[in-house]
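Order of listing sets the numbers, starting from 1, for every ligand and every atom in it.
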Amino acid sequence: MTQVAISGLGSYVPEKILTNFDLEKLVDTSNEWIIERTGILERRIASSLESSSSMGSLAAKDALETAKLVPEEIDLIITATCSPDGMFPSTANRIQALINAPNAVCFDINSACNGFLSSLMVGSTLIKSEHYKNALIIGSETLSRLIDWTDRNTCILFGDGAGAVVLEPTSEENYGLTDFLFGSDGNNADLLYATGPATGESDLQKEAKIIMDGQSVYRHAVSTMTSITKDLLIKTNTSISDIDLCIPHQANSRIINAVAKNLSLENDKVYTNVDQFGNTSAASIPIALTQAFYDKMLEKGNNLLFTAFGAGLNWGSVLLNWGTIKNPKEQ
Ligand code: ACO
C-alpha cells in the first residue's frame, strides 16, 4: 500500500501584531485575564491588502520549495479555510492562480479549526488511491474579518495566518501518515458559528460575526480531542509513550493543557505557539508544524500526533511518522 508523507512545509503570518494591551483599548478586558484564560499574548492581523489566498500562496510557495517541486508539478490543491476570500470561487483556485499551478485540481474544505486535518485525510486518501500523485494542503485564515471587535468573549481569541504542506507518496518504508480518526456533531452547530451573507436571517446578519458559547465549546473541545486520540491510539496499537511530539490545534493553552493531562502526555511533548499567534483555526497546526521544523524539533522516525477541534462540531486526530525533509536554509 502506498505510504503518503509530508515532503514540504511552510507558513506565513502577517506583520501586524495585535497585543492584549491593544485589546484593552477596544473592549473591557485585561492582559492578565486573557493570559490566565487563554495563554495568548498577541496575534497577527492581516493588512487590507492581504487575504486567505494571498497568505496561503506565500505559505504554499515555501512548502513547494522545501519539497523541491515546481508549481506546475502540483496535482491537487486543497485549502482548509472558514474565512475564504469570498463565497466562491474557492480560495484554493485563487491560490492556484497566485502560485501558477495550472495542472492542479482545486477545492476548499470548511471544517473550521479541524479543516487542516480533514484536508490531510482527503489529500492522503486521494494519493493512496492513486487518483493524484501529490497534493498541496493549505490552512489559511483571515479571521480578523469575521470578528466582532466589540465582543470581548471572542475578539481576544483569534488571529490570522497560513500554513501549508506538500503530500507525496514516500519510498521510505514505515514513514508517513499512519492513520486518522474523525468525528462530527451537527446537533451542536450553534455552539460556535459565523453569521454572514448566506444566512439571510436578518439585516443584522448580513455582516459576518463569530457567535460562541465559550464554556460549552471548551468542554466539547477537551472531551472530544481526548477521546478521539485515545481511540486512535487503540486502533493503531500505539502507546502514549510512543508519541514523540503532539502538535494540537492552537485554540488556547487551557484546552491544550487539559487534553495533554487527560492523555498523560508530558508538557515537553506538546508543541504550543498560541501565545504568539492566538487561534488561527485551520492554519494553526501547519504554522506550528513549520515552526517546530525550523526549531529542529522534528527528527526522522518521530511519531507525531495532530489533534484538533472546531466549529461544526468537528474533531479529529492524525498519527504520522516523520520522514526526511531537508531545511532549505541549511543547503
Ligand atoms: N475579559 C474580561 N472578562 C471577560 C472576557 C474578557 N475578554 N470575556 C469574558 N469575560 C467575563 C465574562 O463576561 C464573565 O463575567 P461574569 O462572571 O461577570 O458574567 C467572566 O469573564 C467569566 O466568563 P466565562 O465565559 O465563564 O469565562 P471562561 O473561563 O469560560 O473563559 C473562554 C472564556 C476563554 C472563551 C473559555 O470559555 C474558552 O476558552 N472557551 C473555548 C473557546 C475557544 O477556544 N473557541 C475557539 C474556537 S473552537 C476551538 O478552536 C477549540
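Every residue two or more places apart in sequence or in another chain was checked for a side-chain hydrogen bond (donor to acceptor under 3.5 Å, both in side chains) with D231, and none qualifies.
Remark: the backbone N or O of S53 is paired with a side-chain donor or acceptor of D85 at under 3.5 angstrom. At distances below 3.5 Å, at least one donor-acceptor pair connects side-chain atoms of E141 with backbone N or O atoms of S83. With hydrogens and angles ignored, the 3.5 Å screen pairs a side-chain donor or acceptor of D213 with a backbone N or O of S216. No side-chain donor-acceptor contact under 3.5 Å links Q291 to the backbone of T272. Distance alone, capped at 3.5 Å, is enough to place a donor-acceptor pair between the Q250 side chain and the P248 backbone.
Nearest non-hydrogen protein atom to atom 5 (C) of ligand 1 is W33 CH2, 3.3 Å. If you check which protein heavy atom lies closest to atom 1 (N) of ligand 1, you get T29 OG1, 2.6 Å. Ranking the protein heavy atoms by distance from atom 12 (C) of ligand 1 puts R152 NH2, 3.7 Å first.
Inclusion of T38 in the set of residues having an N or O under 3.5 Å from an N or O of ligand 1 is not warranted. An N or O contact shorter than 3.5 Å is missing between I156 and ligand 1 by distance. For a threshold of 3.5 Å applied to N or O pairs, the pair formed by S30 and ligand 1 contains no separation below that value.
Of all atoms in ligand 1, listed by their number and element, those nearer than 4.0 Å to a heavy atom of L192 are 47 (C), 48 (S). Atom numbering of ligand 1 starts at 1 in the shown order; those under 4.0 Å from a heavy atom of I255 are 41 (C), 44 (O). Annotation for ligand 1: atoms under 4.0 Å from non-hydrogen atoms of N252 are 38 (C), 39 (O), 44 (O). Residue F309 approaches ligand 1 through these ligand atoms, each under 4.0 Å from one of its heavy atoms: 49 (C), 50 (O), 51 (C).
Put simply, I137 and V166 are part of two different groups of oily side chains (I, L, V, M, F, W, Y) that touch within less than 4.5 Å, one to the next.
In the candidate list D213, N153, L191, N153 is nearest to atom 9 (C) of ligand 1, counting heavy atoms. When the heavy atoms of H220, R254, Q215, Q250 are ranked by distance to atom 30 (O) of ligand 1, first place goes to Q215. Comparing A251, G310, G214 by heavy-atom distance to atom 37 (O) of ligand 1, the nearest is G214. With M212, R219, R37 as candidates, the residue nearest to atom 23 (O) of ligand 1 on a non-hydrogen basis is R37.
Under the 4.0 Å distance rule, the nearest protein heavy atom to atom 16 (P) of ligand 1 falls outside the cut-off. For atom 45 (N) of ligand 1, a protein heavy-atom neighbour is found at a distance under 4.0 Å. For atom 32 (C) of ligand 1, the nearest protein heavy atom lies 4.0 Å away or farther. There is no protein heavy atom less than 4.0 angstrom from atom 20 (C) of ligand 1. Atom 40 (N) of ligand 1 is approached by the protein to below 4.0 angstrom, counting heavy atoms only. Shown here, atom 48 (S) of ligand 1 is in close reach of the protein: a heavy atom of it lies under 4.0 Å off.
With a 4.0 Å heavy-atom cut-off, ligand 1 is reached by no atom of I34. Neither the backbone nor the side chain of V27 has a heavy atom within less than 4.0 Å of ligand 1.
A cation-pi contact links R254 to Y218, judged by a cut-off of 6.0 Å to the six-membered ring centre and 45° from its axis.
Residue pairs meeting the ring-ring contact (aromatic ring centres under 6.0 Å, His included) criterion with at least one member in residues 164-190, sequence neighbours excluded: F180-F182.
With salt bridges taken as basic N to acidic carboxylate O contacts below 4.0 Å, one links D75 and K133.
For the 3.5 Å distance criterion, the side chains of E168 and N134 fail to qualify, holding no donor opposite an acceptor. Of the N and O atoms on the side chains of S184 and N314, at least one donor lies less than 3.5 Å from an acceptor on the other residue.
Each of T280, T19, N20 was compared with R43 under the side-chain hydrogen bond (donor to acceptor under 3.5 Å, both in side chains) criterion, and only N20 meets it.
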